[in-house]
Amino acid sequence: MVESINGLQLEGIGHAYADHPVLNALSLSLPQGSFCALLGANGVGKSTLLKILSGSLEPLRGRVEHNGKLGFVPQEVHPALPLTALEMVLLGRSGQIGLLRAPGKADYVAAEAALHRVEAEHLTRRAFASLSGGERQLVLMARALATDADILLLDEPSAAMDWHNQALILRLLRDLADNGMTIVMSTHSPQHALEFASHTLLLFGAGEHTFGTPDQVMTEDALSRLYRLPVRRVAMDELPHQGTAVPIFSDLKTQEY
Ligand SMILES: Nc1ncnc2c1ncn2[C@@H]1O[C@H](COP(=O)(O)OP(=O)(O)OP(=O)(O)O)[C@@H](O)[C@H]1O
């Protein structure tokens, strides 16, 4: 019964492209207010899963259940029209605006508030196409915030961002989850998952996966296998100088795991 679901539920999701299996027998339940990080190597199926969750890709097997409004932050967007950053954010209001109505005052207020939340007011009148990679990601984040979504799906949302903006976006997502939004975010930063997520889904390829809390599933062994590198988990207070902001996850000079 969809009516009884708060959050997001996956039942037996399986997908393949031609004879290349990507996801297999993936079942999990994310209660409302969960913040789930999706980790795995390049090409393992993270974007595929996010597309299935967003409803833009029909899985070969299984189903997704939720009863909330979805917001999606894709890896990148190439608009057909020359839009300003503000107009890009206003597109997030199109559900509220309706296809034939111009944005009203409330839509502009919501769009400007969203840009303010990601500290990107200075980009308001810039052409979206002229923005840097990290600036575009901030604007796409603002667009998702402007939708008033209950469930937010994000495909590597901070991949092009500097450290300040990564922390800004991660803290913002944590805050949204604490206030009841359900979030699924793919990332290549295990630290983001360890510090901010309530749940983690590790995709190992060929349909193999593990799901649980970051502490349960992000063991040194699992991360080493995931990234084919010897990975160490170092607690902040184990570092030589407390407050150091650069945890070392692996010895990158070591060749093969
Ligand atoms: N439309 C498609 N047709 C055929 N193969 C596809 C298609 N889309 C994705 N694939 C393949 O499916 C696999 C999973 O792709 P996906 O984009 O989901 O990976 P990902 O985990 O998001 O990777 P990355 O970390 O590089 O973003 C890859 O091998 C990819 O080449």
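Whatever order the structure lists them in is the order used to number ligands and atoms, beginning at 1. This one's a predicted model, so the numbers in the text were calculated from it and none came from an experiment.
- There is no protein heavy atom less than 4.0 angstrom from atom 30 (C) of ligand 1.
- Among the atoms of V44, some N or O lies under 3.5 angstrom from an N or O of ligand 1.
- Residue Q75 holds the heavy atom nearest to atom 27 (O) of ligand 1 of all those in Q75, H188, K46.
- Ranking protein heavy atoms by distance to atom 26 (O) of ligand 1, first place goes to N42 ND2, 3.0 Å.
- Side-chain contact check for V139 versus L86: every heavy-atom pair is 4.5 Å or farther apart.
- Among all protein heavy atoms, the one lying closest to atom 15 (O) of ligand 1 is T48 OG1, 3.8 Å.
- K46 places no side-chain N or O within donor-acceptor distance of the main-chain N or O of T187, the cut-off being under 3.5 Å.
- Within the cation-pi definition used here (under 6.0 Å to the ring centroid, within 45° of the axis), R136 qualifies as a partner of F128.
- Closer than 4.0 Å to atom 10 (N) of ligand 1 lies at least one heavy atom of the protein.
- Look at K51 and D155 and you find no salt bridge, because none of the NZ, NE, NH1 or NH2 atoms lies under 4.0 Å from a carboxylate O.
- Those atoms of ligand 1 with a heavy atom of G45 less than 4.0 angstrom away are 14 (C), 18 (O), 19 (O), 20 (P), 21 (O).
- Each of the atoms 17 (O), 18 (O), 20 (P), 22 (O) of ligand 1 lies under 4.0 Å from some heavy atom of S47.
- In this structure, the protein non-hydrogen atom closest to atom 23 (O) of ligand 1 is G43 N, 2.8 Å.
- Less than 4.0 angstrom separates some heavy atom of H20 from each of these atoms of ligand 1: 29 (O).
- In this structure, the side chain of Q137 engages the main chain of E156 through a donor-acceptor pair within 3.5 Å.
- In this structure the side chain of M161 reaches within 4.5 angstrom of the side chain of I169, judged on heavy atoms.
- Protein heavy atom nearest atom 1 (N) of ligand 1, with residue, atom name and distance: Y17 CE2, 3.8 Å.
- Checked for salt-bridge contact, D178 and R174 meet the test: a charged N lies under 4.0 Å from a carboxylate O.
- Here the side chain of D107 pairs a donor or acceptor atom with the backbone of G104 at under 3.5 angstrom.
- The shell of residues lying under 4.0 angstrom from ligand 1, judged by heavy atoms, includes A41.
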